[in-house]
Structure formats: C-alpha cells, structure tokens
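Letters go in sequence order (proteins before strands), and every chain restarts at 1. Everything numeric in this text was worked out from a predicted model, so none of it was measured. Computed from heavy atoms alone, side chains included, the values below leave out hydrogens, waters and symmetry copies.
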Number of protein chains: 2
Amino acid sequence: MKRDSRLARMIHVLIHMGLLGGRETSETIAKMLNTNPVVVRRTMAALKRKGVVDSEGGRGGGWVLLRSLDDLTVLDIQKALDEGEVLAAGISEDHPACPVERAANAALVQAFDKAESALLDEFAKLRLSIIAEHAISDGRQVIPPPDGRDGNER
Amino acid sequence: MKRDSRLARMIHVLIHMGLLGGRETSETIAKMLNTNPVVVRRTMAALKRKGVVDSEGGRGGGWVLLRSLDDLTVLDIQKALDEGEVLAAGISEDHPACPVERAANAALVQAFDKAESALLDEFAKLRLSIIAEHAISDGRQVIPPPDGRDGNER
DNA sequence: CTAAAGCGTAACTATGATTGTTACGCAATC
DNA sequence: GATTGCGTAACAATCATAGTTACGCTTTAG
C-alpha cells in the first residue's frame, strides 16, 4: 500500500463497465479490484458527482456508465477524482521569509508546473476506448491459467 | 508533514553553504531547516555518498560543499538523493493477468514517463548558482522583521 | 590526557494518507 | 416483508517522512 492507485483502478473499472455495457454492483466491481464494496463506493462517489457514472440502490441496483468510452479521457477521470497534487515532491516551509528558501521553492514550483502540464496533456490524449482496444488485442495473446485464477487471491 | 520535502530542503541548504563558503555544523543547518541535527545528517549522508558534500567529525568539524553552485543543478541533487518515483500516482496491481488492467497501466506508465522526463529536463536546467542570484536580488526587497524572526519558531 | 564538539546510527514515536473492514441506515424490488 | 444494494460513519492496518532521544567514535583545544 504505497502509492495512490485510485486513478488506475477507476480506469480499469470504467473500461470493464464500458465493455460489459450493463449495470455492475459494487460487489462485482470489488472483485475486479480485489478489494471490498465499500472502497468501491467511496471512490465511485466522486465519479458520480461529476456525472461519469450513476448509481441506483435497491434490488437490481448498481452502477451504470453515463458516457461512452470514446467520450472519456484519462484526464476526465483524473479531474473527476479531484485528488490533490500529482507530484510526490514538494516545497519546503521551514523559514518562509528566507530569500534562499523562497528562490529555491520558486524554481521547483516552476519545474513541477511544467511536468504537471506535460502529464495532463498526455492524460488528455488517452481515450478510454483506445485503451480498451489495446486490452482486447492483448487479451487474445494472454493464455489464462486453467482455473481462471491469476495468483492474486486472498 | 505531507509531502517529501527533502529535495527542496537540500537545495535550500546547499545554496546557503555556497554563499557562506565555509564549514557548517549539522546544528547550524538544522536551524536553517527549522529541525534538528539528526534529520540533517540523515539526508546529507546521501549527498556525501555522491561526492556533493563532505563531513568531518570532531571539534571544528562540520559539512563542506565540494562542488561550486555553478557546477550543481537541481537534477544533480535529485539524483544524489536517489528517492523513488517522483510521481504520486501509481498503477494498480489487483489482477496482474487482466488485460484491461494491463492496458490501463501501460497507458498510465507511458504518460508518467513523459511527465517525469519533462520534470528531469527542467531540473537539469536549474543551476544552483542561478537560484542563488534570484535569492540575493529577492533578499534586497525583503524587509526582515525587527527581531529577525519569521514566525516559524517552535 | 582529558573534556568538549561533531558526525554516524539505531531505535522509537508522531503524523498523515490510502486502503481495508465492520456495522448500520435507507431505498427499491420481488 | 425480506432481500438486495447504495451511503456513511467509525475504526484498524500499513507505509513513508519526519522528529526525538540516546549512545558510540573521532578530532581537537587546553
């Protein structure tokens, strides 16, 4: 449990939902992510607020994808999750009045901003539909283990 | 205590050392960073291993800068600290055999790599001597508080 | 040669973030 | 009315950075 994997997990799930095309319960999605339903609801809630998915309670309920995979980019998901900074390194706040600290921070922030722009530009280019196509052509190469497991069960 | 601030702190310290030009004890440096000497030694140890600074024990000991500010870039410090990944987000490892997860991760890694390249490129452009110059001209603008404090004491 | 100054480290605690888990309330459907 | 499923609160587990205390070793002043 080291880095933030919410973006990766949500992309994974949304593509599955787009390919399956129906309604998935948190329980089903939890199995895709090898976790439990509460974690799924927690993260999907952000996507619901931004209109990417919707949920219905009660019998026969679950989650539906509101937009097509072709209409979603990784950037859309990143923004919908509104996590904080994307970069792991940060500035220092030991002596805010020290000119040296201020100059060092200013230089770093400038570099971080350029990197973040580059990242978001790349994210904008990544359509979920394209990733789905790659998954399908990759899936043809993958020989699943006889029992359908992948060595990652509890 | 949120993000990794070691890079920012070390740049701050090295510029001070370059400007002062002498030998600084961990105690003195700790005051610059508003922390204590053990934290300083811990982080400076990495820079010592890479030949950026050297240390001497015993009376009159302390830390010396081995290279000039003009010969050091932020990238040099970043590499010397050999921290792990620079990016906060990561991939998912819930079902390594799932083609969708694999495709999603592959797309993300590609984007992360480009952003990291951009960041390191920027770091390579940032010479510590330039940052020091900015600090000096900024320092002329800053009117220090009468008692020399900056509101960040313990 | 003794004492003080400094680095080098181990060990432990504090803090914060994500993730995992349990429990319970509410809505919808059979 | 019983089951299914979302919505949340509350709490524990895990991990990384940072802070702190303690002790050993080396160097130098006197």
Side-chain angles (χ1 to χ4, degrees), chain A residues 1-10 12-13 17 22-49 53-64 81-94 152-154, chain B residues 1-10 12-13 17 22-49 53-64 81-94 152-154:
Chain A
M1 195 186 317
K2 212 185 318 188
R3 312 176 89 68
D4 187 349
S5 66
R6 279 174 293 186
L7 177 62
R9 281 182 149 180
M10 285 304 102
H12 179 185
V13 162
M17 290 178 69
R23 187 177 296 256
E24 312 293 328
T25 68
S26 301
E27 182 71 36
T28 307
I29 297 174
K31 278 175 191 152
M32 293 179 195
L33 298 184
N34 209 23
T35 179
N36 72 71
V38 178
V39 175
V40 173
R41 292 189 192 113
R42 194 187 282 159
T43 314
M44 296 283 281
L47 301 186
K48 179 179 178 178
R49 276 194 295 273
V53 296
D54 198 8
S55 65
E56 273 184 35
R59 195 162 197 140
W63 299 88
V64 219
L81 289 176
D82 55 31
E83 308 182 353
E85 304 293 323
V86 192
L87 297 168
I91 63 176
S92 62
E93 295 176 313
D94 303 312
N152 213 3
E153 287 77 13
R154 292 279 158 77
Chain B
M1 193 185 319
K2 213 186 317 188
R3 312 177 89 69
D4 186 349
S5 66
R6 281 174 293 186
L7 177 62
R9 281 182 149 182
M10 286 304 101
H12 179 185
V13 162
M17 290 177 70
R23 186 177 297 255
E24 312 294 327
T25 68
S26 301
E27 182 71 37
T28 308
I29 297 174
K31 279 174 190 150
M32 294 179 194
L33 298 184
N34 208 20
T35 179
N36 72 70
V38 178
V39 175
V40 172
R41 291 188 194 114
R42 196 186 282 158
T43 314
M44 296 283 281
L47 301 185
K48 179 178 178 178
R49 277 194 295 273
V53 296
D54 198 8
S55 65
E56 272 183 36
R59 197 166 194 138
W63 298 89
V64 219
L81 289 175
D82 56 31
E83 308 181 354
E85 304 293 322
V86 191
L87 297 167
I91 62 175
S92 63
E93 294 177 313
D94 303 312
N152 212 3
E153 285 77 14
R154 291 279 157 77

Do any side-chain nitrogens or oxygens of [X] fall under 4.0 Å of OP1 or OP2 in [N]?
{"X": "A/Ser26", "N": "D/dC6", "value": "yes"}
{"X": "B/Ser55", "N": "C/dG6", "value": "no"}
{"X": "A/Arg49", "N": "D/dG7", "value": "no"}
{"X": "B/Thr25", "N": "C/dA5", "value": "no"}
{"X": "A/Arg6", "N": "C/dT19", "value": "yes"}

Students often get this wrong, so: under 4.0 angstrom with heavy atoms, is B/Arg23 touching a base, only sugar-phosphate, or nothing?
nothing
Have a look at B/Arg42 and say if it touches a base, only the backbone sugar-phosphate, or nothing, with a 4.0 Å heavy-atom cut-off.
base
May I ask you to test the A/Leu33-A/Met10 pair for a side-chain heavy-atom distance under 4.5 Å?
yes
Does the side chain of B/Ile29 reach to within under 4.5 Å of the side chain of B/Met17, using non-hydrogen atoms?
yes
Any chance you could lay out the side-chain contact (heavy atoms from CB on, under 4.5 Å) test for B/Thr35 and A/Asp94, step after step, and finish with the verdict?
CA-CA 8 Å; B/Thr35 179; A/Asp94 303 312; over 6 Å; no
Where the side chain of B/Thr35 is concerned, which of D/dG19, C/dT18, C/dG20 is the nearest nucleotide?
D/dG19
Please name the pair of heavy atoms, one in A/Met44 and one in A/Val53, separated by the smallest distance, quoted to 0.1 Å.
O-CG2, 4.1 Å
Interatomic distance where NZ belongs to A/Lys48 and C1' belongs to D/dC6 [whole Å]:
8 Å
From CG of B/Leu7 across to C1' of D/dT17 the rounded distance in Å is 15 Å
Reading nucleotides 22-30 of chain C 5' to 3', which nucleotides get B (base under 4.0 Å from a protein heavy atom), which S (sugar-phosphate only), which -?
BB---BBBS
